[in-house]
Amino acid sequence: MKRLLLIDGSAYLFRAYHAMKAQGREFTAPDGFPTAALHVVLSMLKAHLKEQPDYLAFVVDASGPTFRDALDPQYKAHRPPMPDDLRAQVEPMMEIVQALGFPILRVPGVEADDVIGTLALRAAEAGMTVTISTGDKDFAQLVRPGVALVNTMTGSRMADDEAVMAKFGVRADQIVDLLALMGDSVDNIPGVEKCGPKTAAKWLGEYGNLDSVIVNADGFKGKLGENLRAALHRLPLNKQLTTIKTDVELDVGPADLALRERHVEDLRRLYARYGFNQALKELGGDPAGEAAAEAAADRAGLRSTAAGYARAATGSADEAPDPALSAKGDYDTVTTRAQLDAWVSKLDAADEFAFDTETDALDAMQANLVGLSFSTEPGNGCYIPVGHTYPGAPAQLPMAETLDALRPLLESAKHRKLGQHGKYDLHVLRRHGVDVAGYADDTMLESFIWNSSATRHDMDSLAKRYLGYDTIKFEDVAGKGAKQISFAEVAIDDAARYAAEDADITLRLHRVLSAKLATEPSLEKVYREIEVPLVPVLARMEANGILIDADELRRQSADLSRRMLAAQQKATELAGRTFNLDSPKQLQALLFDELKLPALVKTPTGQPSTNEEALEAIADQHELPRIILEYRGLAKLRSTYTDKLSEMVNPDTGRVHTSYHQAGAATGRLSSNDPNLQNIPIRTEDGRRIRKAFIAPPGRKLVACDYSQIELRIMAHLSEDAGLLRAFAAGADIHRATAAEVFGKPLDEVSGNERRAAKAINFGLMYGMSAFGLAKQLDIGRGEAQDYIALYFNRYPDVRDFMERTRKEAHERGYVETVFGRRLYLDNINARNQGLRAGAERAAINAPMQGTAADIIKRAMIAIDGWIADHADQAKMLLQVHDELVFECDADFVDTLIPEVKARMAAAAELRVPLVIDAGVGDNWDEAH
DNA sequence: CCTTCGGCGTAC
DNA sequence: GACGTACGCCGAAGGC
């Protein structure tokens, strides 16, 4: 008997993509092209080829509408657009399938399902044995003698009614009715509300088919009965939509679908292009050319991950992961002096070693050391417990003796050290008397520089993404939630496996990531010259902390509380009842349902918004909105700032120590948390008062130095626009100068409103703002806003060219870069969805400016840190707020500090415009502005 | 009980 | 739909 295999190609690619996403696995070709879904599909195809079917076809959806769209305009209407990194893999998949010799079927007007259904039935009628390879449950309706389903991703098989019954509780011929009742949220087919597979199967069991259910609908009891009756009119249409057609007119029959000879040269080219090294090897022949030119790290990474996938897809392990990078390590637990000495010698002899600390707290400024781990080669490692305290804990080396033995290594710049988020470990060791030098590499930063758009750069994610390795998680050894214990209470054996693995994996990740960076010199330079040297600088700033006047904050909290209470009472009075002023949901019900005020603004989810804009819009119709705005402003200040900041004062130092996140913002900016000191209010009087609580100790001053208009200057530099360059060279008030140019007036005749408009345009441009946005910002008509923009571009034509150039570059290359070569990949830049694409274009325009500014201030910080080290008693660098640096210094050192700092900030970049720095001095941060 | 998400608002 | 990058508060919903 002849065998026919029909592969549901589109559905597989889609499911493969999401399965890999869910696992958090990243597969890329050597050039970064996404290949995760391709790996899955290729593996599936190879598995099917081994089965040697007589006939086979790879069936995919054609583009354009199908008959189902005509039946129901809502069909698949809410389906999100195909993600870019999946869309990109479609054509490569088709090329590979073609080259492998598979017949490909693509029929317009129907879906792949219908083509498969038609061929399956015709073949079965002709006496063939048909296998449909799919991940889509709807195909169960086709199961019958001679037609079976397989899902290679789960390994499941459905060959007869018995199997269908086991899975769905109905026979194959009842599947369509089941689907009609349930509906399908993905395809936007509304079924009976609250009727899932169980209920639908129960009804069909009782009544046999959908028609009987419909006829007897009046007899169904309860809420479900109501829901059924409400859905009755839909059900026949649902049935049409979910029925797979079996009578499509095709110009091929099953017997035309023989495997053709594969095209080896095409395959070799495709496998090399997309980094399928194992497949390339199996192809035999000359492995030279592109494949051999790949970085060793990419080979190792891909081979191990591809093997992992092949197991998932076919259920058989036909290749072991690369042992060097994916195998479990073998680790020592060091508890004797002799073992310690042996490891000290081993570390001393290594070119570079990875280290990690274990502590009893997340806050680096409070955590106590519990143990240290090290690794010198992939697979080796040790854990040195020094602070485990649980009852019955075995004897451990004394902490002081251990640190003394390690100190020469850790404090020597000659011994290169490597970590994952090493800033934390630098803090812990410093607070235990070890001043680490020679911190040379950080895998978190390597990953961040390699691709700053990836959201996670923690070790567990990196191990999974780049090594295909599942690490032991913190919660595996210490538990989580209420049951979580301190690391000091973790059994030493468990702690050793976890901690030594951290050092080992850090080392393995470095092997992979440093090789990747070596292929991109500009990225490596940003990493080596900016990010790595910045680590100890940030650690010092965090350790310095800033002094807080806690009494002042408490007074402000009390004042805010009083005013909040007054607002609350007034609001209750106006509403005629109590409600939670903090709850947008209750507020929405009150304002728009009860008081019937107009809902003029909607949230992204379509609900009436209660945000500032919405409340302002109805403030002339009722007193309540104004009171709520008042309350909100006060509540924000108290909850986020005055209450929180006093809580965050470190009891040992009397200061707050923010933590800077170096791999936080995709543009390269730092972010700040615990507490965030980069969003302390400044614009309103009430808000600005909070800055009075950031103080210098007696005899000292706070000095704030900020770059004047740095992002606009970078725009002038990048665009080389003569008008803008001239304005900055003249040292003019740039917004006034812009207004003078745009409105064609002398500088001193520019009105306040004209300057305001020019400022809005200047900023708006850097954010990719449209005429619509500008009109809203300035509260003017859209036409007028368009006129302003036209005038602006007329005066500064090279700015427009620059924006267009940036957009084009982003589309062509998929990324944009800063003056120093830092990259930002834009995942949505070629998205079909216009909103996503437009958002990516705006990000593309903004990133070179925001990112270059970030590069510049980071370079300045490194330079200033080098200078200030020699004046540590007189001055300290405390804070960075994107374009501003805050220092604390002796009152009589201010006049020395300011010119030294200014000089280094100005020299941090050579642009076509001067970098201008403003400085202020005061007893508190407010005064220093 | 804990986590996640939506809505909102602060900074540059 | 309409202005880029963050962090973090609160309430509400949902999972365990």
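Atom set for the values below is all heavy atoms of this structure, side chains included, hydrogens, waters and symmetry mates excluded. In what follows, every chain begins at residue 1, and chains take the letters A, B, ... in the order their sequences are listed.
When rounded to the nearest whole Å, the span between CZ of A/Arg713 and P of B/dC12 equals 17 Å. Atom CD1 in A/Ile680 sits roughly 19 Å away from atom P in C/dA6 (whole-Å rounding). With rounding to whole Å, A/Lys776 atom NZ is found 12 Å from C/dG1 atom P. The separation between A/His661 atom NE2 and B/dA11 atom C1' is 18 Å, rounded to whole Å. In this structure, OH of A/Tyr707 is placed 19 Å from C1' of B/dA11, rounded to the nearest angstrom. One interatomic measurement links the two molecules: CD of A/Glu884 to P of C/dA6, which rounds to 20 Å at whole-angstrom precision. Taking atom CG on A/Asp883 and atom P on C/dA6, their separation rounds to 17 Å, with Å as the unit. Note: CG (A/Asn580) to P (C/dA12) measures 6 Å, nearest angstrom.
At a cut-off of 3.5 Å, with distance as the only test, a side-chain donor of A/Asn762 or A/His735 sits close to an acceptor on the other residue. For the residue pair A/Asp918 and A/Tyr707, no side-chain donor N or O sits within less than 3.5 Å of a side-chain acceptor on the partner.
Map A/Arg669 and A/Pro675 each onto its nearest nucleotide of DNA chain C; the residue landing nearer the 5' end is A/Arg669.
With distances taken from any side-chain atom of A/Asp582 to the nucleotides C/dC10, B/dC8, C/dA2, the minimum falls on C/dC10. Taking every side-chain heavy atom of A/Phe772 into account, C/dA2 is the closest of C/dT5, B/dT10, C/dA2. Set against B/dC12, B/dG7, C/dT5, the side chain of A/Gln607 has B/dG7 as its closest nucleotide. Nearest to the side chain of A/Thr610, among B/dA11, B/dG7, C/dG8, sits B/dG7. For A/Gln850, taking side-chain heavy atoms from C-beta onward, the closest of the listed nucleotides B/dG9, C/dT5, B/dC12 is C/dT5. Among the nucleotides C/dA2, B/dC12, B/dC8, the one closest to any side-chain atom of A/Ser609 is B/dC8. Nearest nucleotide to the side chain of A/Gln586, out of C/dA2, B/dC8, C/dA12: C/dA12. Checked against B/dA11, C/dG4, C/dA13, the side chain of A/Lys585 finds its nearest nucleotide in C/dA13. Listed nucleotides: B/dC12, C/dA12, C/dG4. Nearest to the side chain of A/Ser583: C/dA12.
Using a 4.0 Å cut-off between a side-chain N of Lys or Arg and a carboxylate O of Asp or Glu, A/Arg626 and A/Glu616 qualify as a salt bridge. We find that A/Glu531 and A/Lys858 are joined by a salt bridge, their nearest charged nitrogen and carboxylate oxygen being less than 4.0 Å apart.
Looking at heavy-atom distances under 4.0 Å, A/Leu677 makes no contact with the nucleic acid at all. Across all strands, A/Glu612 comes closer than 4.0 Å only to sugar-phosphate atoms, never to a base (heavy-atom distances). Among the atoms of the strands shown, only primed sugar atoms or phosphate atoms (P, OP1, OP2) are found under 4.0 Å from some heavy atom of A/Gly773.
Between A/Lys776 and A/Arg782 the shortest side-chain heavy-atom distance does not fall below 4.5 Å.
Near-neighbour residues of DNA chain C inside residues 632-649 of chain A, defined by a heavy atom below 4.0 Å, number-ordered: A/Lys636, A/Ser639, A/Thr640, A/Lys644.
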Review item, nucleotides 2-6 of chain B N/O atoms under 3.5 Å of protein N/O:
residue : atom : partner  : partner atom : Å
B/dC2   : OP1  : A/Ala482 : N            : 3.4

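Taking the six-membered ring for Trp and the full ring otherwise, the centers of A/Tyr792 and A/Tyr788 sit at least 6.0 Å from each other. Under the 6.0 Å cut-off for aromatic ring centres, A/His717 and A/Phe802 do not qualify, their centroids lying 6.0 Å or more apart.
Dashed line: the shortest gap from a side-chain N or O of A/Arg683 to OP1 or OP2 of B/dA11 is under 4.0 Å. For C/dA2, the OP1/OP2 oxygens have no side-chain nitrogen or oxygen of A/Gln834 closer than 4.0 Å. Contact check, A/Ser671 against C/dC7: a side-chain N or O comes under 4.0 Å of OP1 or OP2.
Every residue meeting the salt bridge (Lys or Arg N to Asp or Glu O under 4.0 Å) condition with A/Lys808, not counting sequence neighbours, appears here in chain and number order: A/Glu812. Residues forming a salt bridge (Lys or Arg N to Asp or Glu O under 4.0 Å) with A/Asp855 (at least two apart in sequence, or on another chain): A/Arg822. With sequence neighbours left out, the salt bridge (Lys or Arg N to Asp or Glu O under 4.0 Å) criterion links A/Arg577 to A/Glu594. Annotation: salt bridge (Lys or Arg N to Asp or Glu O under 4.0 Å) contacts of A/Asp643 (sequence neighbours excluded): A/Arg638.
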